[in-house]
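A note on names: the letters A, B, ... follow the listed sequences, proteins ahead of strands, and every chain is numbered from 1.
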2 protein chains.
Amino acid sequence: LLKNTDFKKSLDKNEYEKEMENLSAKLSTLQLTIKEKKIPVVVVVEGWGASGKGTHIAQLVNPLDPRFFSVCSIKPGEKLSAKPYLCPFWEQTPERGRISIFAKSWHRIILKIDSNKWKLPDKARETFYNDVNAFERQLTADGAVVVKFFLHISKEEQCRRFEKLESNPATEWRVNDKDWKQNARYAKYMEMFDDMLDKTNDIPWTIVETDNSNYATVKILSTFVAKIEDAIEKQSNEKPAKPSAPTESRTLIRNESRTSSVSDVAYKEQLADYQQKIRLLGHKLHIKKRSVVIVYEGWDAAGKGGNIKRLTKELDPRSYVVIPVGAPTEKELSHHYLWRFFAMMPADGNFSIFDRSWYGRVLVERVEELTPVHVWQRAYQEINEMEAHLAANGVIIFKFWLDIDRDEQLRRFKSRQTDPFKQYKITEEDWRNRERWDCYENAIEEMLAKTNMPHAPWTVVASNKKKFARLKVLETVVKTLESEL
Amino acid sequence: LLKNTDFKKSLDKNEYEKEMENLSAKLSTLQLTIKEKKIPVVVVVEGWGASGKGTHIAQLVNPLDPRFFSVCSIKPGEKLSAKPYLCPFWEQTPERGRISIFAKSWHRIILKIDSNKWKLPDKARETFYNDVNAFERQLTADGAVVVKFFLHISKEEQCRRFEKLESNPATEWRVNDKDWKQNARYAKYMEMFDDMLDKTNDIPWTIVETDNSNYATVKILSTFVAKIEDAIEKQSNEKPAKPSAPTESRTLIRNESRTSSVSDVAYKEQLADYQQKIRLLGHKLHIKKRSVVIVYEGWDAAGKGGNIKRLTKELDPRSYVVIPVGAPTEKELSHHYLWRFFAMMPADGNFSIFDRSWYGRVLVERVEELTPVHVWQRAYQEINEMEAHLAANGVIIFKFWLDIDRDEQLRRFKSRQTDPFKQYKITEEDWRNRERWDCYENAIEEMLAKTNMPHAPWTVVASNKKKFARLKVLETVVKTLESEL
């Protein structure tokens with residue numbers, strides 16, 4: 001993509017001013033359409049040192065109302081090291097109707113790693129590209145327009161600009177040894193950039209020749225305008241997707257009978273033993289800079305809360321967070337549905353425990369028909385990709401389905417209604433959900449079948465007997481952590 | 001507070017278990033009351049190394065539903081260095097009805113600084129204590145219950161615990177040289193702790209003797225229960241505060257006539273000049289690790305948007321963010337009103353530009369009677385304290401009141417209504433606000449008089465002529481930054 005670039009392309013002052021007037025007017029109108037049509041827009045600006053990222057972004061945002069855009073510049077190393085690397089970028093993806101401009105993007109980390117002379121193994125590189133492409137595809141599937149610019153510059157012009165920056169005391173700090181290294185090893189870097197661009201071109205890059213700054217600005221603005229106009233046109237021509245055929249029912253994976261139990265004596269003894277073990281494993285997690293995600297899903301009244309409590313009893317309270325997941329807020333709804341979860345992922349050494357999770361997409365949202373069929377069907381793949389990304393970044397993932405039978409649920413509902421301290425736990429909604437038991441069973445089966453991955457396996461926990469269920473979860477966590485750490 | 005502590009206090013196993021059963025039951029009930037009465041609860045747990053912060057917090061949260069609390073452990077140095085130090089703590093303050101437990105608190109920074117042998121100058125120390133006491137008072141005034149524990153330990157017991165931790169390979173990493181230094185210089189540290197506790201005792205500390213762990217746990221839980229019960233009782237006895245007498249009208253501070261103007265030629269020339277200057281000052285800001293807060297307030301249609309645009313035209317888009325401030329969301333309403341602003345404060349080297357701001361409290365909220373009189377009256381002091389905190393942390397603060405007269409506003413409203421690209425900018429609300437011009441004038445005058453501080457002065461900008469107003473703002477920013485940097 002980068003070779004044989006014609007860096008001579010230029011625009012004289014008159015042409016430039018005429019074009020800019022025209023494009024600026026279009027942009028101010030377009031931003032209102034973006035807002036009105038609730039399109040989220042993601043702009044990536046990557047490129048060589050001194051290719052003018054700052055200046056060109058300034059030109060792009062200049063006609064825009066600051067209420068409708070934000071510029072994100074996430075410094076690698078600041079957050080990237082402690083959480084899976086896509087997390088901070090996910091957090092900055094725009095609400096519907098807004099524009100997020102990434103001055104440093106998710107493509108950066110691979111360049112950073114490679115240019116530090118530590119050549120990434122092919123396998124890791126492939127994982128990286130898969131994650132990046134999946135991320136961009138997911139945003140696009142959710143209605144976002146993703147516009148990617150790579151600012152290219154010739155070796156000679158880059159050298160001139162570094163010299164110019166260095167000659168001014170106010171700007172000399174902007175040039176460092178790494179920049180000069182990039183200029184000196186220009187051909188090597190170009191190869192690296194080219195490889196990255198080639199492998200992440202599913203959502204296509206626009207290469208911008210920046211030797212002539214006027215030409216570059218106009219190319220960026222006109223490409224942006226064209227891509228947005230294109231997306232708006234597509235959106236208005238879009239026909240509602242046909243719902244796919246209902247999926248076949250499978251047999252519910254169940255390791256044990258729902259009524260497996262344990263004696264009180266054995267419970268007390270094993271519980272204390274596992275809790276001590278998990279406490280020490282928590283320390284080890286910290287030392288080894290790994291982190292843990294635990295997903296709790298299950299029937300209403302299956303005992304998630306009490307189970308979580310036993311799991312965390314002896315853990316250092318500074319090392320874990322329990323995240324109760326309810327219906328999304330207005331703000332969360334205006335983002336991709338995975339957005340809110342990425343913000344809650346654990347940093348190194350920590351546990352994030354989800355009391356319900358992203359699986360709501362293929363459970364309650366499916367059964368209650370809150371989400372169109374083709375959208376929740378897409379979610380299985382999105383979820384698998386997200387979990388794969390976490391796992392590839394060292395997160396150890398547990399997913400528990402707390403399984404009780406219909407009679408046991410009824411018993412518990414009734415008991416909650418009579419206990420004044422538990423009344424708050426039972427609502428009309430619980431009774432409504434119960435009526436749809438069969439629909440839920442279908443959804444659960446499909447979920448277990450489609451998202452049971454080696455790096456993120458489901459454990460179905462027989463939970464009619466709460467004590468058995470608690471030990472089962474603790475045992476699973478302890479055994480896996482012992483082998484992983 | 002720390003001297004002459006009796007470390008012998010203890011509880012035997014039976015007493016302990018009896019007390020704990022009782023306290024745990026009380027806590028599970030209390031958390032529901034906290035939620036129901038919408039009380040925000042802040043718990044601080046500070047103390048010596050190895051005094052058992054983790055263990056004791058674990059005991060406190062054990063009876064609680066994880067949906068109602070979170071444990072915050074903000075590592076100093078991570079975020080503290082780049083933003084005013086209270087920012088990350090403000091961000092973690094609880095919503096009404098929730099409990100935030102701070103395992104590392106805002107008191108920590110002074111201990112950190114002092115124990116690094118760099119004795120804080122008395123003046124800086126005083127500023128620090130003022131900020132901390134103001135923060136806690138503000139939370140309390142907003143209805144929060146603030147419970148502060150200091151975990152005390154004897155020199156001998158601390159030494160024993162360090163040795164025990166070191167003897168286990170799973171925990172030895174938890175003891176480092178600094179810990180041993182603390183033990184070795186126990187008396188010196190005690191003096192430092194004592195001073196800090198004494199100076200921040202407006203909201204009183206509870207000293208917890210931790211040599212006997214059972215005794216400590218019971219003391220923490222019972223103090224917590226008592227303080228919450230006390231607050232609930234107070235709340236139900238509280239009579240609505242009498243509204244204070246309406247404040248007298250003052251003369252509007254106005255440096256120039258609202259109609260000051262500038263020739264087109266002079267405008268063009270000066271604008272370009274200032275924009276170049278501010279661009280370079282932006283670089284300097286970065287080098288000197290300072291940051292800038294700019295507040296725009298003004299009459300509707302005073303030209304805030306266009307003014308901001310000229311200010312940011314040549315700034316590096318990665319160095320500033322424009323924050324449009326509208327009515328608070330549901331989530332924001334469930335926090336102290338300053339909460340959302342603290343989250344938006346600039347990191348070193350950056351600008352945060354507020355398009356409307358925290359002054360809404362004493363403008364729209366006062367005039368529209370959205371907030372009780374005694375609450376917005378309290379806000380002048382709260383705002384001054386917040387800005388003083390920012391200034392003391394190196395933030396350069398600008399506050400602009402964009403001032404137009406009634407006729408000019410009418411002209412602009414009418415022109416917006418006929419321009420299809422500006423129609424979105426004018427709403428019914430604007431017309432309603434206009435009817436209350438006199439009430440707003442009163443509120444503005446009082447605001448300017450009460451919050452015009454040396455470190456955060458107001459500049460009233462004559463804005464009937466937009467070009468004049470833009471130059472005035474740019475000039476003010478450029479001149480002040482030139483003298484500050």
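Here A:Leu32 is the residue among A:Thr329, A:Leu32, A:Val61 with the most heavy-atom pairs under 4.5 Å with chain B. Your options are A:Ile323, A:Thr55, A:Asp316, A:Ile287, and the one with the most heavy-atom pairs under 4.5 Å with chain B is A:Ile287. Your options are A:Pro66, A:Ala103, A:Ser28, and the one with the most heavy-atom pairs under 4.5 Å with chain B is A:Pro66. Chosen from A:Glu330, A:Lys284, A:Lys309, A:Lys331, the residue pairing most often with chain B at heavy-atom distances under 4.5 Å is A:Lys309.
Looking at A:Lys313, the atoms closer than 4.5 Å to chain B (heavy atoms on both sides) sit in the backbone and in the side chain alike. Looking at B:Ile353, neither its backbone nor its side chain comes within 4.5 Å of chain A, counting heavy atoms on both sides. Heavy atoms closer than 4.5 Å to chain B are found in the backbone of A:Leu64, but not in its side chain. Of the atoms belonging to B:Phe102, not a single heavy atom falls under 4.5 Å from chain A. Only the side chain of B:Arg174 comes within less than 4.5 Å of a heavy atom in chain A; its backbone stays farther off.
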Quiz item: So B:Asn62 and A:Thr312, side-chain contact (heavy atoms from CB on, under 4.5 Å) or not? Walk me through it.
Solution: CA-CA 9 Å; B:Asn62 201 42; A:Thr312 58; 5.9 Å; no
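Contact of the B:Arg318 side chain with the A:Lys104 side chain is not registered, since no non-hydrogen atoms from C-beta on lie closer than 4.5 Å.
Note: A:His286 and B:Trp173 have parallel aromatic rings, judged against thresholds of 30 and 60 degrees for the angle between ring planes.
Distance check, rounded to the nearest 0.5 Å: CG of A:Asn168 to NE2 of B:His283 gives 8.0 Å. In this structure, OG1 in A:Thr171 is found 8.0 Å from CZ in B:Arg279, a value given to the nearest 0.5 Å.
The heavy-atom pair separating A:Ala58 from B:Pro317 by the smallest distance is N-CG, 3.5 Å.
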